[in-house]
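First comes the structure, then the notes that go with it.
Computed from a predicted model, the values in this text were never measured in an experiment. We count ligands from 1, going down the list as the structure has it; atoms in each ligand are counted the same way.
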Amino acid sequence: MKPPTPPHSHPSRPTQATKRVLLASPRGWCAGVDRAVAAVEKALELYGAPVYVRHEIVHNKYVVQTLERKGAIFVEQTDEVPEGSIVVLSAHGVAPTVHTEAAERMLTTIDATCPLVTKVHKEATRYANDDYDILLIGHQGHEEVIGTTGQAPDHIQLVDGPTDAAKVEVRDEAKVVWLSQTTLSVDETMETVDTLKTRFPNLLSPPSDDICYATQNRQIAVKKLAEDAQLVIVVGSRNSSNSQRMVEAALGAGADTAYLVDFADEIDEAWLHGVTTVGLTSGASAPDVLVDSVLKWLAGHGYTDVETVKTADQSITFSLPKELRRNLRTQPVDDL
Ligand code: SF4
């Protein structure tokens, strides 16, 4: 593998017959996903199987299947968890009512909500307490949107794109704020915000970006790949919002084709027809082992030249959920 190119450098031009792969950096697991998966693994280690997990801990098939093999049981609703059991809440966050239901069932709850989702929850609560109308830009039915709306259901309305933005109504145009899901397309969100601003000139923006660093820097990286790659492959699951947005970002930035795959064996050889440069990246919930298997598959099809295209450094990490940190402190040091 060639050494990484410096941030924002242009990938080298291929020689005529070279088939090459441009590998995005950053890509793959973000700090919130890493923390959520580690939380389930640590809970299994501390309490033994089974550990229940409400919703897919992160939106990735491979991760869910791997944790199932280790003893995690995934459920949709809290009332599917036997009373008195251990339950981990997913990285996407939940409404406060879920904590109440869990307490009623005497569950030991480990909340793996990503701290960057919690930040949006806190913003929602604060603006609701100040009696603002909150316009939450996000995708209807996404777990994160359900959890954020649940923080202040009487004050939040979902705005799912510019069409919704053109028709949403508020009580007082002087007290309106927009917030967003953390995993949206930056460009599309700004379009929606522009529409909202033409309707509500006093619209307040969130104090800091709600679309998280991982979503943003992966979109920037995939756009860079798309400038030179005819085909872009994003490794990620269909229900992963940030992975889907990366496919859209690649197409928007000039890739001829872009596909989302969970596993290497989903790649269709026909996609490679006439392609000299493949861009490869992965969503924030996809582990690098899946990218490695795609690299291997591509090498088997002649794409042996791999060049890393680096657009940002990424060093953010989050500590384990507080419930586990507390339990770890009660363990003898030798056991840690
Ligand atoms: Fe947190 Fe962003 Fe990762 Fe979601 S994508 S878990 S908000 S860091």
Go through the side-chain N and O atoms of [X] and [Y] and say whether any donor and acceptor fall under 3.5 Å apart.
X: His139; Y: Gln181; result: no
X: Gln314; Y: Asn217; result: yes
X: Arg126; Y: His121; result: no

Can you tell whether the side chains of Lys119 and Glu123 come within less than 4.0 Å, N to carboxylate O?
yes

Would you call Arg27-Asp288 a salt bridge at under 4.0 Å N-O?
yes

Fit a plane to each ring of His92 and His59, take the angle between them on a 0 to 90° scale, and name the class: parallel (under 30°), tilted (30 to 60°) or perpendicular (over 60°).
parallel

Everything protein-side that's N, O or S and under 2.8 Å from atom 3 (Fe) of ligand 1: list it, residue and atom.
Cys30 SG

